[in-house]
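By convention in this document, chain letters (A, B, ...) are assigned in the order of the sequence lines, proteins followed by strands, and residues within each chain are numbered from 1.
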2 protein chains.
Amino acid sequence: MTAQRKLILKVINDTCEHMNAEQIYMAAKAEMPGIAMATVYNNLKYLSDNDYIRKIGVSDGADFYDRNIIPHDHAICDKCGGIADINPGGIREALEKSIGSKVTHYDLNVHYICPGCRTW
Amino acid sequence: MTAQRKLILKVINDTCEHMNAEQIYMAAKAEMPGIAMATVYNNLKYLSDNDYIRKIGVSDGADFYDRNIIPHDHAICDKCGGIADINPGGIREALEKSIGSKVTHYDLNVHYICPGCRTW
DNA sequence: ATTAGATTTAGAATTGTTCCAAATTCTTTA
DNA sequence: TAAAGAATTTGGAACAATTCTAAATCTAAT
């Protein structure tokens with residue numbers, strides 16, 4: 001664990017959930033001005049490969065990183081872009097039944113209008 | 001419907017499902033050598049916006065395009081990268097129950113080892 | 001203290017996609 | 001059916017996110 005790696009993990013754990021690489025880089029830079037973007041990517045890879053954090057792939061835009069490694073899915077607001085954790089039950093079972101074999105993992109991102117953005 | 005647009009739609013309908021922009025470009029180029037990549041992207045956007053085809057966002061790599069616009073999800077083999085359509089039931093209901101509101105849409109990509117790649 | 005291996009850094013390179021402006025081609029409608 | 005306006009095509013530049021590279025530096029175990 002180098003100082004950089006420790007800092008990046010701290011940033012992810014202390015700052016808000018669901019930050020992307022750029023945001024993590026900025027937050028880390030505030031404490032360690034010389035840190036390089038490549039170091040952030042290197043460590044995000046290391047940390048997610050080793051289950052310290054979870055990388056969430058997003059098809060249209062930057063991936064984000066989640067300090068919560070307990071399996072859960074994400075609901076993304078179409079208006080504000082805010083991301084909320086969700087825990088719908090029975091998904092994995094439905095998928096395994098459907099494909100007839102074990103699922104190694106799955107990505108499920110739901111789009112909706114969050115309560116704050118709803119107008120009625 | 002310009003000749004280019006017709007060709008691109010034909011390529012998607014006649015060639016294999018789940019092609020990415022590059023593959024569609026190559027197939028179109030074979031019949032119309034002067035066609036531009038930008039035209040392919042323009043038309044993929046037009047065709048998916050108008051429900052002729054469906055765009056499938058992939059977080060790590062090129063998006064692909066599906067001629068099947070009936071809602072369904074995708075199972076991606078971790079070994080060969082092959083993509084299969086799946087139709088697990090009850091997902092939308094589980095999601096709406098979980099977030100407590102309507103889902104505008106959702107992306108669900110399952111990773112697994114396909115029958116062809118399985119060794120036991 | 002030495003040395004092999006891991007990590008950091010800055011910047012270049014890559015990939016997939018979008019943007020741009022000019023040229024061309026469709027589509028009205030007079 | 002010709003002129004005007006709208007949409008589309010083209011090639012290339014621009015872009016964003018990420019990965020790669022190679023040299024410098026650090027770390028850990030002898």
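- Going from atom NZ of A:K45 over to atom C1' of D:dC20 covers 13 Å, rounded to whole Å.
- Distances shorter than 4.0 Å separate none of the side-chain N or O atoms of A:T2 from OP1 or OP2 on D:dT27.
- Atom pair B:D63:CG and C:dG16:P shows a separation of 10 Å (rounding to whole Å applied).
- Taking the side chain of B:A36 as heavy atoms from C-beta on, and the options C:dT7, D:dT10, C:dT18, the nearest nucleotide is D:dT10.
- The residue B:N42 sits close to a base: some heavy atom pair falls under 4.0 Å.
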Check: Under the side-chain hydrogen bond (donor to acceptor under 3.5 Å, both in side chains) criterion, do A:Y41 and A:K45 qualify, and how do the steps go?
Finding: CA-CA 6 Å; A:Y41 274 107; A:K45 176 157 175 43; over 6 Å; no

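- Taking atom CE on B:M19 and atom P on C:dG16, their separation rounds to 15 Å, with Å as the unit.
- For the pair A:M37 CE and C:dA13 C1', the interatomic distance rounds to 16 Å; values are reported in whole Å.
- Comparing A:M32 and B:G61, the nucleotide of DNA chain C nearest to each residue sits closer to the 5' end for A:M32.
- Within 6.0 Å of atom CE in B:M26, 12 or fewer heavy atoms from other residues, nucleotides or ligands are found, so the atom counts as exposed in its surroundings.
- Partner of A:D66 under the side-chain hydrogen bond (donor to acceptor under 3.5 Å, both in side chains) criterion, out of A:R54, A:K55, A:H72: A:H72 alone.
- Side-chain contact, A:R5 with A:N43: a donor N or O sits under 3.5 Å from an acceptor N or O.
- Rounded to an integer number of Å, the gap from A:I35 CD1 to C:dG11 C1' is 17 Å.
- Comparing B:A3 and A:N43 by the nucleotide of DNA chain C that holds the closest heavy atom to each, the one mapping nearer the 5' end is A:N43.
- Between the CZ atom of B:R5 and the P atom of C:dC26 there is a distance of 12 Å, rounded to whole Å.
- Distance A:F64 CZ to D:dA17 P: 14 Å, rounded to the nearest Å.
- B:Y41 has a side-chain polar atom (N or O) that falls below the 4.0 Å cut-off from OP1 or OP2 of C:dT17.
- Under the 30°/60° scheme for interplanar angles, the aromatic rings of A:H18 and A:F64 are found to stand perpendicular.
- Here the P atom of nucleotide D:dT19 and the CG atom of A:D49 are 11 Å apart, to the nearest Å.
- Residue contacts for A:T39: at a heavy-atom cut-off of 4.0 Å it reaches a base atom on one of the strands shown.
- The residue B:A38 sits close to a base: some heavy atom pair falls under 4.0 Å.
- At D:dT10, one or more side-chain N or O atoms of B:Q4 fall inside 4.0 Å of OP1 or OP2 (strictly under the cut-off).
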